[in-house]
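Since this is a predicted model, take the numbers as computed values, not measurements. Just so it is clear: chains get the letters A, B, ... in the order the sequence lines come, proteins before strands, and each one is counted from 1.
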Amino acid sequence: MSLEIRNLHARIAANGTEILRGLDLTVEAGKVHAIMGPNGSGKSTLSKVLGGHPDYEVTEGEVLLDGVNILGMEPDVRSRAGLFLAFQYPMEIPGVSNANFLRAALQARLPEGEELEATDYYARLYEKMDMLEMDRKFTARSVNDGFSGGEKKRNEILQMLMLEPRYAILDETDSGLDIDALKIVSHGVNAMRGPERGFLVITHYQRLLDYIVPDVVHVLVGGRIEHTGGKELALELEAKGYDWIKDDIAQAVSA
Amino acid sequence: MNATIEAPIETVSEENDSLMTTGPDFASHPEAFRARQRAAWEKFVSLPMPARTDETWRFADVKSLSIAPYTRAEVVDDGDRAALLKKSIGIVETSGRMVFANDCLLARDIYNDTLRAKGVLWLPMEQAIAEQAELIEKHFMRESGVLGSAKFAALHESQVKAGTFLYVPRGVEIALPVETFHWLSGEGASVFPHTLIIAEENAKVTLVDYFQSAGDDAGFACGVNDIVVGNGARVTYVAVQDWNRKTLAFHLNNTTVARDASALALRLNLGGSRVRDEAVSRLRGPGGRSDMLSVSAAEDDQIFDQRTLQIHEAPNTSSDLLYKNSLNDKARTIFTGLIRVDEGAHKTDAYQKVRNLLLSDEAEANSAPGLEIEADDVRCTHGATSGQVDMEEIFYLQSRGIPLRLAHQLVTFGFLNEVIERLPGEPLQQKLRELLHGKLG
Ligand SMILES: Nc1ncnc2c1ncn2[C@@H]1O[C@H](COP(=O)(O)OP(=O)(O)OP(=O)(O)O)[C@@H](O)[C@H]1O
Ligand SMILES: [Mg+2]
């Protein structure tokens, strides 16, 4: 069982600029992989391409979710197939309450004609909110509308807890979180870790990886995975920056 | 290839029965009122039909305004009455309800004693016209039809007998909403529902009107409501317009707000084929406030034509207009609005905002907000925007497993629901959300 990305090439549909340039990465179920990399290297693009965002065109490669190629699927189908994206910049949906939004997302997972049981739903929702120390008032508030940066990120994790995906990609979920919130959110993620679930955690700061300890760390530069290591790689990057990896690439190219 | 066979066009056989030739005739009204109705009829007959060249009918579809096909409605039979009463369901907890079908009273039920409070008058219009001559003389249609529909206001005045008369005396608060259901039934039938709310000093009340059709016959509705808010009083008025898709409707609203009083009106436009909706708020006393809200979900070839006027006559008054429209298919919405700040109405706060959400390339929204200021030290903003659904919002919803069609519905619902959220009272909001859900599918 794995989320397997093979030789993925993707470009911006509007102008043809290639952003992902032959990316290979396999997240096995039960593992946590982290991706680090300079600004603009394509980390968010990768997560959106996996989610099926219409701004990007895949020109080559495959993405196999437990063996099934998801690239031809609509974004909602991918989600129901078990993929989850926690966005770097979550959208605000004015006028749609958080509770109704999550309800619609869960309802969409039920067979035609079956209705979500309201009491069970709220019981579960409140349980997860308690776990993330979120005030109940967030159920009635519009999705992310007027939420602070940290509240939005917490709300992303709430959605993940409710939807129970098989593979979750967390794009800079730590940025905007205060230290306490970082612990709470990490606790939420760790509670979901298990042999049947894989995580891809995108971050700039190794601090997050103290809380969500990764099995593997990758460095994404220029649309490709350029370096892979264990959790100590994050510490090394924190100390040395990315230049040495970029230098390695330059040498490899000139050699 | 199949040949298309044109259905025979039905013509109105008996000219005499059409509204255009039938003057007022209500034996139950007192003579003074009947004289008033005859004068209104003369006015209706003498005024010309609106033309697109009239400033107040800019962008309008004036071709579909002919009322020649419509006749006075017949009394509905007993079986239909029972069915309509059953369908007259509003909010769970209310103070009372009245039900009218084809302008005849079917029911008047009191559910809460505040409606029996000393001095409260909650009457069908017909009875009020007969018994409350003084209040009627003082408040009934004193300033109607100034936004272009003078002819139709006159028609309404000449034909009126149904609707709600609600007088709330000084200091009385009616906590739970009062509801009125108006049903239109039968081919070519017409109704003239009226709502007259008079809230005396520091009184408080909420009234909800539901306008619906019994079946899918073509019909005509020409309603007027007058809302008179006394010093320090608070009135909330909600009109749910859900006539069927073959109905031509006029809804003309007049609100006057006295010192430190506040009026909040919300119209929810769901049904109708052609709907002309005019709303005037007059801020007569310092400290007065008027919230003018509207939610329209237009689809197919529906046309919602809305005209508004916010008149600030006194200093320190505020008005806040927010109209939101979603337009699908070939639907059209029209808005022209004016904020008028009279000389001496200093420290006025007036806002006017129209937002159109275009869900189809063929839909069309025309909006023309306007300002006319003759006082100093005022704060006024007005603006109209039209846009499409934000694809990033759609992707976000889809990324949670919500299918595309439902994602569009949710975003549209949210856009309109933001206006509903300004209503006081969760049950009332909930009711309107349900109705909106029903329309958006
Ligand atoms: N829809 C788009 N239109 C135009 N340019 C885009 C688009 N999406 C991505 N890009 C460009 O592609 C590059 C990669 O962007 P991406 O957001 O994936 O970077 P990132 O690695 O997530 O950076 P950060 O660490 O700052 O979040 C950037 O140069 C960005 O400007
Ligand atoms: Mg990014």
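Taken to the nearest 0.5 Å, the CZ atom of A/F101 stands 5.5 Å off from the CG atom of B/L397. Between the OG atom of B/S399 and the CD1 atom of A/I169 there is a distance of 10.5 Å, given to the nearest 0.5 Å.
In this structure, chain B has no heavy atom under 4.5 Å from any part of A/V77. A/Q107 does not touch chain B: none of its heavy atoms, backbone or side chain, sits under 4.5 Å away. Of the two parts of A/L85, the backbone and the side chain both hold a non-hydrogen atom closer than 4.5 Å to a non-hydrogen atom of chain B. The parts of A/P90 that come within reach of chain B are both its backbone and its side chain, each placing non-hydrogen atoms under 4.5 angstrom from that chain. For A/R78, no part sits under 4.5 Å from any heavy atom of chain B, backbone or side chain.
Chain B forms more heavy-atom pairs under 4.5 Å with one residue of A/S97, A/P75, A/A81 than with any other, namely A/P75. The most heavy-atom pairs under 4.5 Å with chain B, out of A/P94, A/G51, A/A108, come from A/P94.
Other residues, nucleotides and ligands contribute more than 12 heavy atoms inside 6.0 Å of the NZ atom of B/K439. The environment of CE in A/M1 is sparse: at most 12 heavy-atom neighbours from other residues, nucleotides or ligands sit within 6.0 Å. For B/K330, the NZ atom is loosely surrounded, since the number of other residues' heavy atoms within 6.0 Å does not exceed 12. Other residues, nucleotides and ligands place no more than 12 heavy atoms under 6.0 Å from the CG atom of B/D361. Counted within 6.0 Å of CD on B/E93, heavy atoms from surrounding residues, nucleotides or ligands total 12 or fewer; the atom is thus considered open.
Considering all non-hydrogen atoms of both residues, A/R80 and B/P403 come closest at NH1-CG, 3.9 Å. Nearest approach of A/G95 to B/N417, heavy atoms of both residues: O-ND2, 2.8 Å. A/M91 and B/E393 make their closest contact through CE-CG, 3.7 Å (heavy atoms, listed as atom of the first residue, atom of the second, distance). Shortest non-hydrogen contact noted between A/S142 and B/E421 is OG-OE2, 4.2 Å.
Between A/D55 and B/E392 there is a side-chain heavy-atom pair separated by less than 4.5 Å. Under the 4.5 Å side-chain criterion, counting only non-hydrogen atoms from C-beta, B/I402 is not in contact with A/D76. With a 4.5 Å cut-off on side-chain heavy atoms, A/Y89 and B/Y396 do not count as touching.
Using a 30° and 60° split on the angle between ring planes, A/F87 and B/F395 fall in the perpendicular class, above 60°.
A salt bridge is defined here as a Lys NZ or Arg NE, NH1 or NH2 lying under 4.0 Å from an Asp or Glu carboxylate O, and A/E156 with B/R400 meets this definition.
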